[in-house]
Amino acid sequence: MTDCPAPILRDAASRLITPPELRPRPAPRADVAPAKEEVPVIARRLAHQVGSALVEVLQGRRTPANLAAVMDDDVYATVEHLARGGLGSELRLRGVHAQMPSPGVVEASLALRDEASGRTRAAALRLENRGARWLCQALEIALTDDGVTRARGSS
């Protein structure tokens with residue numbers, strides 16, 4: 001038998017990683033602008049929910065009526081028209097980026113993937129708080145290479 005060296009055991013405390021919230025933060029530099037305030041969770045969640053529902057309507061998995069309560073009439077009419085066209089049957093939602101340019105307003109960009117063509121598509125939403133509910137006041141979506149479909153609310 002050959003002699004095998006004994007395994008080296010390290011102190012258990014040396015293997016622990018300090019959680020980020022306990023790590024000391026460097027002092028902010030005077031020559032660097034402060035980071036933008038984090039987008040509230042409600043804004044990101046709202047943008048993702050409306051974006052997901054929009055894609056499901058365009059896929060034909062939901063009826064446009066599912067979006068009627070959260071869309072301005074003109075925007076809703078555009079979504080109905082797009083759903084009838086069948087251009088989004090192979091769309092997949094790849095990502096959502098949301099921001100709040102002002103209180104009560106959420107703007108979101110959607111990264112979409114057309115699985116049929118392998119092309120990346122995009123959409124943009126503007127959601128505004130109307131008292132007890134949020135309403136999609138604007139939609140811009142590029143489902144083809146020919147251009148962008150735009151819809152704006154009346155108010």
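Owing to the predicted nature of the structure, the values given are computational and were not obtained by experimental measurement.
Of all non-hydrogen atoms in Gly153 and Val75, the two that sit nearest each other are N-CG2, 4.0 Å. Nearest heavy-atom pair across Ala142 and Val148 is CB-CG2, 4.2 Å. Closest approach of Ala47 and Ala98 over heavy atoms only: CB-CB, 3.9 Å.
Atom CG of Leu91 sits about 11.5 Å away from atom CZ of Arg61, to the nearest 0.5 Å. Note that OG of Ser52 and CZ of Arg92 are 12.0 Å apart. Values are rounded to the nearest 0.5 Å. Between the OG1 atom in Thr120 and the CG atom in Asp114 there is a gap of 9.5 Å [rounded to 0.5 Å]. Within the model, atoms OG of Ser117 and CD of Glu90 stand 9.5 Å from one another, a figure rounded to the nearest 0.5 Å. Interatomic distance, Ile141 CD1 to Leu54 CG, rounded to the nearest 0.5 Å: 5.0 Å. Atom CG of Leu112 is separated from atom CG of Leu58 by 8.5 Å, given to the nearest 0.5 angstrom.
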Q: Quick one: do Arg133 and Glu128 satisfy side chain to side chain contact (heavy atoms under 4.5 Å, CB included)? Show the steps, please.
A: CA-CA 8 Å; Arg133 68 185 184 136; Glu128 296 179 3; over 6 Å; no
Q.
side chain to side chain contact (heavy atoms under 4.5 Å, CB included), that's the test. Do Leu110 and Leu125 meet it? Break it down for me.
A. CA-CA 8 Å; Leu110 310 176; Leu125 304 169; 4.3 Å; yes
Q.
Using the rule given for side chain to side chain contact (heavy atoms under 4.5 Å, CB included), can you reason through Leu127 versus Val50, listing the C-alpha separation, both sets of side-chain angles and the distance that settles it, and then say yes or no?
A. CA-CA 9 Å; Leu127 302 153; Val50 173; 4.2 Å; yes
Q.
Run the side chain to side chain contact (heavy atoms under 4.5 Å, CB included) test on Val79 and Met71 for me, step by step, so that the C-alpha distance in whole Å, both residues' side-chain angles and the decisive distance to 0.1 Å come before the verdict.
A. CA-CA 9 Å; Val79 170; Met71 295 203 160; 3.7 Å; yes
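Put simply, the side chain of Asn129 does not reach to within 4.5 Å of the side chain of Val105, judged on heavy atoms. The closest side-chain heavy-atom distance from Glu107 to His97 is not below 4.5 Å. Between Trp134 and Val106 there is a side-chain heavy-atom pair separated by less than 4.5 Å.
At least one donor-acceptor pair under 3.5 Å links the side chain of Arg113 to the backbone N or O of Gly118. No side-chain donor-acceptor contact under 3.5 Å links Glu80 to the backbone of Pro64.
Among the candidates Arg152, Arg121, Arg126, the single residue satisfying the salt bridge (charged side-chain N to carboxylate O under 4.0 Å, His left out) test with Glu140 is Arg152.
At most 12 non-hydrogen atoms from other residues, nucleotides or ligands lie less than 6.0 angstrom from CZ of Arg94.
One hydrophobic cluster, built from ILVMFWY side chains closer than 4.5 Å, cannot hold both Leu135 and Leu67; they sit in different ones. Cluster annotation: Met100 is connected to Val96 through the hydrophobic network of ILVMFWY side chains, with a link wherever side-chain heavy atoms come within less than 4.5 Å.
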